[in-house]
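Since the structure comes first, as structure tokens, the remarks are kept for the end.
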Amino acid sequence: MKKPILITLIAFAFTLPSAHAQVVVEDVVHIAQDAVNQIVDLAKYVQMVENQVQQINTMTQELQQVTSYVKAFGDPSQLLNVTGANQLVNSLQQSGVGQTLATLQQTASGIQSLANNANGLYQSITNTALTGISIPRVANNYKPFGAVENTASNYTSVYNDVMQRRQALQGQIAATINQLQSATTDAETQKLQGVLTGQAAQLQAIDQEIGHATSQSVVQDIANRNDQQKQQQAQDEEIAADRQDAMTKFGTMMIPDVNNDIRFGKGNGQ
């Protein structure tokens with residue numbers, strides 16, 4: 001492109017004197033130098049234009065590459081509403097209905113335990129025997145049983161709550177998998193995989209709530225058994241102490257009073 005332009009310009013410069021032959025040439029060298037300078041300037045301009053065209057072509061290619069990349073991998077900043085993300089956040093914010101073991105122990109009531117029949121499964125304990133004799137009940141003695149009943153009720157509540165949340169989370173996982181299968185970009189795929197990983201972890205965490213409620217019941221039952229054995233040990237020690245005291249008193253009674261007993265020649269008559 002450059003050579004034809006230069007040849008044309010040189011030919012045009014050399015035809016100028018012949019076209020104006022009637023004009024008196026005062027400085028041929030100066031005119032020729034001006035023509036050469038114009039040719040050089042024009043050549044530089046042509047080179048500059050070619051450089052700009054090449055830069056534009058390069059930038060166009062880079063823009064096409066970026067466009068192709070975004071089309072293939074997607075723009076993560078544009079994926080603001082990912083399937084399952086909001087539901088996962090809501091699930092993580094739920095604390096469940098389970099109570100702590102300390103709360104279950106503090107709220108244990110002997111009176112409620114006496115009246116509890118587990119929805120008709122057991123019989124309530126009354127203050128009247130089968131023979132009609134009135135039997136006073138000490139409510140505090142039944143608080144350990146009330147604690148166990150509280151942990152059992154807590155387990156039932158936790159189990160029902162977990163089953164509902166688990167079913168909802170399984171539906172969200174299925175929706176995320178379907179969306180993942182129809183994902184068109186790498187960015188969308190990665191975000192959906194992150195959501196799916198979080199949902200799986202949350203499902204395991206929910207299942208562990210049932211195990212935690214079960215362990216509370218087991219721990220409270222162990223504590224009750226331990227207290228029962230402790231009370232039995234204390235009762236055995238009390239019985240042994242009572243027997244020792246009775247034997248000591250009995251032994252004292254069996255020793256005769258030689259100062260007052262008439263069998264030893266002493267008494268009121270002495």
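Computed from heavy atoms alone, side chains included, the values below leave out hydrogens, waters and symmetry copies. Note that the structure is a prediction, hence the values are computed from the model and not measured.
Scanning for salt bridge (Lys or Arg N to Asp or Glu O under 4.0 Å) contacts around Lys230 gives Asp227, with sequence neighbours left out. For Glu149, the salt bridge (Lys or Arg N to Asp or Glu O under 4.0 Å) criterion is met by no residue, not counting sequence neighbours. Residues meeting the side chain to side chain contact (heavy atoms under 4.5 Å, CB included) test with Thr107, sequence neighbours left out: Thr103, Asn150. Remark: Met48 engages Tyr45, Gln52 in a side chain to side chain contact (heavy atoms under 4.5 Å, CB included) (not counting sequence neighbours). Remark: Arg166 engages Met163, Gln170, Leu203, Asp207 in a side chain to side chain contact (heavy atoms under 4.5 Å, CB included) (not counting sequence neighbours). Taking Gln112 as the reference, Ser109 meet the side chain to side chain contact (heavy atoms under 4.5 Å, CB included) condition, with sequence neighbours excluded. The salt bridge (Lys or Arg N to Asp or Glu O under 4.0 Å) check on Asp245 picks up Lys249, with sequence neighbours excluded.
Summarising the local packing, CD1 of Ile111 is surrounded by 12 or fewer heavy atoms from other residues, nucleotides or ligands at distances under 6.0 Å.
Through direct or relayed side-chain contacts under 4.5 Å between Ile, Leu, Val, Met, Phe, Trp and Tyr, Leu121 connects to Tyr122. Other members of the cluster containing Leu104 do not exist, because no ILVMFWY side chain is joined to it at under 4.5 Å. Hydrophobic side-chain contacts under 4.5 Å tie Leu101 into a cluster, directly or through other members, with Val219. The other residues sharing a hydrophobic cluster with Ile222 are Val218, where clustering joins ILVMFWY side chains under 4.5 Å apart.
To the nearest 0.5 Å, atom OG1 of residue Thr151 and atom CD of residue Gln99 are 11.0 Å apart.
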Identify all side-chain donor-acceptor contacts of residues 135-147 below 3.5 Å with residues at least two apart in sequence or on another chain.
residue	atom	partner	partner atom	Å
Arg137	NE	Thr126	O	2.9
Arg137	NH2	Thr126	O	3.0

